[in-house]
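This report refers to the structure that appears directly beneath it.
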Number of protein chains: 2
Amino acid sequence: MLNNSHYIDKLRSSGLRPTKQRIKICEILFNTEKTFHFTINDLVKKISKATNDKISLATVYNTVHAFKKKGYLKEIPINSDQSYFDTNTSHHHHFYDENQNDLIDIDDADVEPVKINTRIPGKKIKSVEVLVKVEDAE
Amino acid sequence: MLNNSHYIDKLRSSGLRPTKQRIKICEILFNTEKTFHFTINDLVKKISKATNDKISLATVYNTVHAFKKKGYLKEIPINSDQSYFDTNTSHHHHFYDENQNDLIDIDDADVEPVKINTRIPGKKIKSVEVLVKVEDAE
DNA sequence: TCAACAGTTTAGAACTATTATAATGTAGAA
DNA sequence: TTCTACATTATAATAGTTCTAAACTGTTGA
């Protein structure tokens, strides 16, 4: 509960009202040592484990999108039936294990800077993301 | 109609029966000079423009998945409400224009080889794909 | 302190992409 | 030609996500 003032400031300073739902979701997403990946469904499960006051599904979606918009979460580009989000918003990349259906971070330092030798006129690069698909070695 | 024998051979040799639906879809997807990206919905529209015999939606899905499995199509990893496919199955990368919601190929030659300095034990790399998100420059 | 308002939450309906179902049709082999 | 396994089809079902409109709440300013 002590940390909450931090989240309240964070939310308020980014123009989001610090409601109890948002603070609770902050606690679940950002009170961890390690960053992690999750789907909306994962988050809903974590919330129901962490609290008795349930948060409506619509609010979970709204909050995740609001946090993504503010840059507190990143969406991970993989084709899947559901969206994956990442609490690690630093620049990094991913392994995607096609056998286990599992996402694993690749530290930015472990990928040599990707050089793109072409541009689109009138557009600026927002991000460069590398997805390394892996499978069981036989 | 002349080219069809080519598709018939192609389908047959990969263990797919050359049905008229599959041949028609081959014509639409592979009879072009340039490769392109499409969603299932795009393909359905192309089909209805190209022929009077309609092909059922289920067949379009089945066929696209069959072609993907055989390596005639690639699925492009971006988060979207629908799946994007690519008739360009060579190794290459993509720009994703977030304002126009548009995918643009990046030739493999325009991206310096991506070096990943970490591995997952027991896994082998299947592909390395770069997604460059761009937005309007202000 | 408190009223007022704009932003937020909520349950449930609606929507959309995709997959499953089960009956009918068809390519290819014998 | 006949048979069989594979394909196609219309439609239903499913699942993730977004919409809606009513109720609620944080914040502002009197």
Side-chain angles (χ1 to χ4, degrees), chain A residues 4-5 7-28 37-48 51-70 72-73 75-85 101, chain B residues 4-5 7-28 37-48 51-70 72-73 75-85 101:
Chain A
N4 287 359
S5 63
Y7 297 131
I8 291 173
D9 291 348
K10 182 176 174 173
L11 288 167
R12 205 176 266 135
S13 70
S14 53
L16 297 171
R17 282 192 187 168
T19 65
K20 68 178 195 298
Q21 292 87 345
R22 284 171 176 167
I23 293 164
K24 175 56 73 181
I25 291 174
C26 277
E27 283 175 33
I28 291 167
H37 310 128
F38 65 95
T39 64
I40 296 290
N41 190 41
D42 292 337
L43 181 52
V44 167
K45 280 189 209 154
K46 276 174 186 282
I47 292 167
S48 68
T51 178
N52 295 316
D53 323 324
K54 82 180 274 297
I55 298 178
S56 108
L57 184 59
T59 300
V60 179
Y61 275 98
N62 289 341
T63 304
V64 166
H65 286 144
F67 286 5
K68 182 191 163 190
K69 202 166 184 177
K70 295 299 179 185
Y72 304 147
L73 291 174
E75 193 165 2
I76 305 170
I78 51 162
N79 284 108
S80 169
D81 47 343
Q82 43 197 329
S83 290
Y84 276 81
F85 296 91
N101 243 60
Chain B
N4 287 359
S5 63
Y7 296 131
I8 291 172
D9 291 348
K10 183 174 174 174
L11 288 166
R12 207 176 266 135
S13 70
S14 53
L16 297 171
R17 281 192 187 166
T19 64
K20 67 177 195 297
Q21 291 86 348
R22 284 171 177 167
I23 294 164
K24 176 55 73 181
I25 291 173
C26 276
E27 284 176 31
I28 291 167
H37 309 129
F38 65 94
T39 64
I40 295 291
N41 190 41
D42 293 337
L43 181 51
V44 167
K45 281 190 209 152
K46 276 173 186 283
I47 292 167
S48 68
T51 179
N52 294 318
D53 322 323
K54 81 181 277 297
I55 298 177
S56 110
L57 183 60
T59 299
V60 179
Y61 273 98
N62 289 340
T63 302
V64 166
H65 286 143
F67 286 5
K68 182 191 161 188
K69 202 166 183 177
K70 296 298 179 186
Y72 304 146
L73 291 173
E75 193 166 3
I76 305 170
I78 50 162
N79 283 107
S80 169
D81 47 344
Q82 42 197 332
S83 289
Y84 276 81
F85 296 91
N101 244 60

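Naming: A, B, ... by sequence-line order, numbering from 1 per chain. Values reported hereafter were calculated over all heavy atoms of this structure, with side chains retained and with hydrogens, waters and symmetry mates removed.
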Heavy-atom protein contacts under 4.0 Å, nucleotides 24-30 of chain D, coded B base, S sugar-phosphate only, - none: -BBS---
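- Here the closest non-hydrogen pair linking I23(A) and P18(A) is CD1-O, 3.6 Å.
- In terms of heavy-atom proximity, K68(B) sits nearest to F85(B) at CD-CE2, 4.2 Å.
- Here chain A contacts DNA chain C (any atom closer than 4.0 Å to a heavy atom, that is under 4.0 Å), and the contacts span dA6(C) to dA11(C) from 5' to 3'.
- Rounded to the nearest 0.5 angstrom, D81(B) CG and N41(B) CG are separated by 10.0 Å.
- A donor-acceptor pair under 3.5 Å is formed between the side chain of S14(B) and the backbone N or O of L11(B).
- Contact record, V60(B) with I55(B): CG2-CG2, 4.0 Å, taken as the closest heavy-atom pair.
- Remark: side-chain polar atoms of R22(A) are not paired, donor with acceptor, to backbone N or O of T63(A) under 3.5 angstrom.
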Criterion side chain to side chain contact (heavy atoms under 4.5 Å, CB included) on L57(A) and I40(A), from CA distance to verdict: CA-CA 9 Å; L57(A) 184 59; I40(A) 296 290; 4.1 Å; yes
Under the criterion side chain to side chain contact (heavy atoms under 4.5 Å, CB included), I'd like the reasoning laid out for N4(A) against Y7(A): C-alpha separation, chi angles, the key distance, then a yes or no. CA-CA 5 Å; N4(A) 287 359; Y7(A) 297 131; 4.1 Å; yes
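- Counting only N and O atoms by type, the side chains of D42(B) and T39(B) include a donor and acceptor under 3.5 Å apart.
- Both Y84(B) and T63(A) sit near DNA chain C, but only T63(A) has its closest nucleotide nearer the 5' end.
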Polar pairs (N or O, both sides) under 3.5 Å between protein and nucleotides 15-18 of chain D?
{"residue": "dT17(D)", "atom": "OP1", "partner": "S83(A)", "partner atom": "N", "Å": "2.9"}
{"residue": "dT17(D)", "atom": "OP1", "partner": "S83(A)", "partner atom": "OG", "Å": "3.2"}
{"residue": "dT17(D)", "atom": "OP2", "partner": "Y61(A)", "partner atom": "OH", "Å": "2.8"}
{"residue": "dT17(D)", "atom": "O5'", "partner": "Y61(A)", "partner atom": "OH", "Å": "3.3"}

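- Of all non-hydrogen atoms in A66(A) and L16(A), the two that sit nearest each other are CB-CD2, 4.2 Å.
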